[in-house]
Amino acid sequence: MGIDGLLTFVRSASSEVHISKFAGQRVAIDASSWLHRGAFSCARELALGQETDRYLRFPLRMIAMLRSHCVEPVLVFDGAKLPMKVRTDRLRSAARSAALQRAHREQRDKDFTDSITVTPAMADRLLRKLRESDTAFVVAPYEADAQMVFLVEHGHCAAAITEDSDLLAFRCPRTIYKLSPETGYCRLHSFDDLCHATDSSGSLLFDDWQSWKTGLFTDMCILSGCDYLPSIPGVGLKTAHAALSTHRSMQRAISALHDKFIWSKAQSADPAGRAELLQLTSEHLELCTMCQQIFKYATVWDPVSAALVPLHQLGTSLDIRDRDRLGPLMAPSDAKLLCEDGVLDPTSLQLYPTVEQSTASMPKREDVRSRFFDAVCPRVNTAACEPSSISIVQQNVVRRETAESALPLNEGAVAPCETDTFLYSAGVRSPMHFKAFHVPLSDEAKTAAFESAHLFAIDSPPCLGDAFLQRFRGI
DNA sequence: CGCTAGTACTCAC
DNA sequence: GTACTAGCG
């Protein structure tokens, strides 16, 4: 999915270059897309559960190709799914399952390739090869897209190589598409060059580029439909672009689009129906605002401070539910194991089985991100840790807990680091030894935590986009 | 003219 | 994830 049609829409502002343009520099690689392409060579084996690692050949070949041009790759792996992306993920996995069913019945090549899914186990095997060959990598805590943009913006990489148009929505300074494995030629999109983008008749697409650059461009991507939110039915890139060109703000553009596409249908509607439409308009604006936040503040790994940080500096303080939509934080020790060491399955936060150690013999780890929602509920793990096993950061929690008896949610407590603020707010802490720690909360705080758990728990998240679309189509 | 939905493609022999 | 296109509003 990504942003449908975006690359062709802004093609005029891109250029054909050779990868050797980046000789002597590092580039961030979307590892999943290379694994996905590699999996084409062994789609049948993967679908039938047969042992193979032929999917590693393509990524390793591409790495060798880059190095032959003196370009140093940094492979960026996907992390856990963001709650707001489940609508898209569910659609994709349903399509893959259907293909797998057909593949088993009819044994057609196309169905086998359609059923391809890049698993954490496949990522793990590539990670092991990367360590052997001394190739740099980062595992994104959540979206690899956001992680690549962070690496480029902070000068760790000169550009990002991907096939996903979302990097432009994330405002990646330099993105490389369609890198040819044979020739090394590719298409370079420099974000600032978009100020020169023209339509087919030659007129400028983004007049007053500064306002597009600082927000309207991403707003256009959101309004036209992105992975986190479907668009108003009938609205694509052109319509979103036109609305924002005229109205110059997300809010006014949404109002105008709702007027045009919906309000007309309410002329004959009863007052109650009209009131519901107004309600829908404000809810749509709220959902779009959530998407703006993801594109701006998605949680990424900062290799310098060795911590999870927002893609850009958080200007305003968000409450805990807003913060979680950007990707829940986790204990610094876990974040390092996941993102820097690459030894955790991002989805389950379990250690990858080593060659010597089978899964069964390994200690079970707590998944803080999905656990913390439940951990504040009385029915789950109310036992406190042994004092001897409490880390320094935890002792802060304990001190706060005893001083104030209970921590209300959304308090925004002052803490040594952002991760701890988050965990204070949730009233739970993941110790170094992977046991959950429970801080008693007031009844009100428990209720609030319970409600947010049901709204945003990673295991069974809601499909915000689904509900929104259904109501739209019901009109 | 623009959006939607359907098809074909990514590897590698 | 992409690109292309016939068909429809």
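Throughout, protein chains are lettered first and strands after them, A, B, ... in sequence-line order, and every chain is numbered starting at 1.
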- Message: Each nucleotide in nucleotides 4-9 of chain C should get exactly one letter: B, S or -. Can you fill that in based on protein heavy atoms under 4.0 Å?
- Response: ------

- For Phe9(A), check ring pair (Phe, Tyr, Trp, His ring centres under 6.0 Å) against everything at least two apart and list the hits. His241(A)

- What pairs meet the salt bridge (charged side-chain N to carboxylate O under 4.0 Å, His left out) rule with one or both residues in residues 145-162 of chain A, with sequence neighbours excluded? none

- Message: Just to verify, what does Asp166(A) make a side-chain hydrogen bond (donor to acceptor under 3.5 Å, both in side chains) with, not counting sequence neighbours?
- Response: none

- Residues that Gln107(A) engages under side-chain contact (heavy atoms from CB on, under 4.5 Å), provided they are two or more places apart: Arg44(A), Phe112(A)

- Task: Sorted by first residue and then second, give each ring-ring contact (aromatic ring centres under 6.0 Å, His included) pair with at least one member in residues 148-171 of chain A; sequence neighbours left out.
- Result: Phe150(A)-His154(A), Phe170(A)-Phe295(A)

- Task: For DNA chain C, find the residues of residues 161-174 of chain A with a heavy-atom distance under 4.0 Å and give them by number; none if there aren't any.
- Result: Glu163(A), Asp164(A), Ser165(A)

- Task: Go through the structure and list residues passing side-chain contact (heavy atoms from CB on, under 4.5 Å) with Arg187(A), not counting sequence neighbours.
- Result: Arg11(A), Ser14(A), Glu16(A), His189(A)

- Item | All pairs passing ring-ring contact (aromatic ring centres under 6.0 Å, His included) where residues 62-93 of chain A contributes a residue, at least two apart | His18(A)-His69(A)

- Using the test side-chain hydrogen bond (donor to acceptor under 3.5 Å, both in side chains), find all partners of Ser93(A) that sit at least two apart in sequence or belong to another chain. none

- Note on the structure: Residue pairs passing the side-chain hydrogen bond (donor to acceptor under 3.5 Å, both in side chains) test with at least one member in residues 97-106 of chain A, sequence neighbours excluded, are Arg102(A)-Asp111(A)

- Protein-proximity profile, nucleotides 6-13 of chain B, B/S/- by nucleotide at the 4.0 Å heavy-atom cutoff, equals ----BBSS

- Phe191(A)-Trp212(A) aromatic ring centre distance below 6.0 Å: no

